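Computed from a predicted model, the values in this text were never measured in an experiment. What you see below is based on every heavy atom in this structure, not just the backbone, and it leaves out hydrogens, waters and symmetry mates.
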Amino acid sequence: QVQLVESGGGLVQAGGSLRLSCAASGRVFSNYAMGWFRQAPGKEREFVAGVSWNSGTTYYLDSVKGRFTISRDNAKNTMYLQMNSLKPEDTAVYYCAGARFYWLSRSASEYDSWGQGTQVTVSS
């Protein structure tokens with residue numbers, strides 16, 4: 001497993017932007033796919049975006065395509081989520097996750113390491 005620490009959440013008005021970061025330690029970061037999930041109150045955790053080990057493949061939740069961009073810097077053991085044109089429905093706790101393998105998956109069961117989460121609140 002890997003230790004993950006998120007940062008960058010906060011309160012923003014609709015239409016605004018935030019950049020989340022996820023710092024990793026404990027295993028070779030570049031060997032594994034990474035993902036962002038979110039969980040809103042009363043809802044199940046959902047996949048938001050993911051990136052393969054070499055950034056060659058990215059997946060996005062349909063509702064965030066064109067607004068969110070996932071990236072990673074393997075030299076810095078850090079993953080990012082740039083969130084633009086934020087909407088109130090994006091309000092949730094966002095979790096960074098490390099996959100079990102190098103390939104990318106949208107399923108939470110394929111991730112074995114989780115951060116503590118960072119709150120993102122978008123006001124209307």
Verify the distance criterion only: is there a donor paired with an acceptor across the side chains of Ser109 and Ser107 at less than 3.5 Å?
-> yes

Does CD in Glu44 sit with more than 12 non-hydrogen atoms of other residues, nucleotides or ligands closer than 6.0 Å?
-> no

Answer yes or no: is there a side-chain heavy-atom contact under 4.5 Å between Cys96 and Trp36?
-> yes

Is there a donor-acceptor contact under 3.5 Å from the side chain of Ser113 to the main chain of Gly98?
-> no

Would the Tyr32 and Tyr102 ring centres measure less than 6.0 Å apart?
-> no

Any Trp53 side-chain heavy atom under 4.5 Å of Leu104 side chain = no

May I ask you to decide if Ser105's main-chain N or O and Tyr111's side chain share a donor-acceptor pair within less than 3.5 Å?
-> yes

May I ask you to test the Val48-Met83 pair for a side-chain heavy-atom distance under 4.5 Å?
-> no

Can you tell me if Arg106 uses its side chain to pair, donor with acceptor, with the backbone of Phe47 under 3.5 Å?
-> no

Met79 and Leu4, any side-chain heavy atoms less than 4.5 Å apart = no

Pairwise distance CZ(Arg27) to CG(Asp112) - rounded to 0.5 angstrom = 5.0 Å

Decide side chain to side chain contact (heavy atoms under 4.5 Å, CB included) for Val120 and Leu20; before the verdict, give the C-alpha distance in whole Å, the side-chain angles of both, and the deciding distance to 0.1 Å.
-> CA-CA 9 Å; Val120 171; Leu20 304 183; 4.1 Å; yes

Would you check if the side chain of Glu6 reaches a backbone N or O of Gly117 as a donor-acceptor pair within less than 3.5 Å?
-> yes

Check the hydrophobic clustering (I, L, V, M, F, W, Y; side-chain heavy atoms under 4.5 Å; chains of links allowed) and say if Val51 and Tyr60 are grouped together.
-> yes

Is Phe68 reachable from Leu61 through a run of hydrophobic residues whose side-chain heavy atoms are each under 4.5 Å from the next?
-> yes

Please round to the nearest 0.5 Å and tell me the distance separating atom CD of Glu89 and atom OG of Ser124.
-> 10.0 Å

Gap between atom SG of Cys22 and atom CZ of Arg72 - 0.5 Å precision | 9.5 Å

Taking only Lys NZ, Arg NE, NH1 and NH2, and the carboxylate oxygens of Asp or Glu, determine whether Lys65 and Asp62 approach each other closer than 4.0 Å.
-> yes

From Thr91 atom OG1 to Gln119 atom CD, the distance as rounded to the nearest 0.5 Å = 7.5 Å

Rounded to the nearest 0.5 Å, how far apart are OH of Tyr80 and OG of Ser7?
-> 9.0 Å

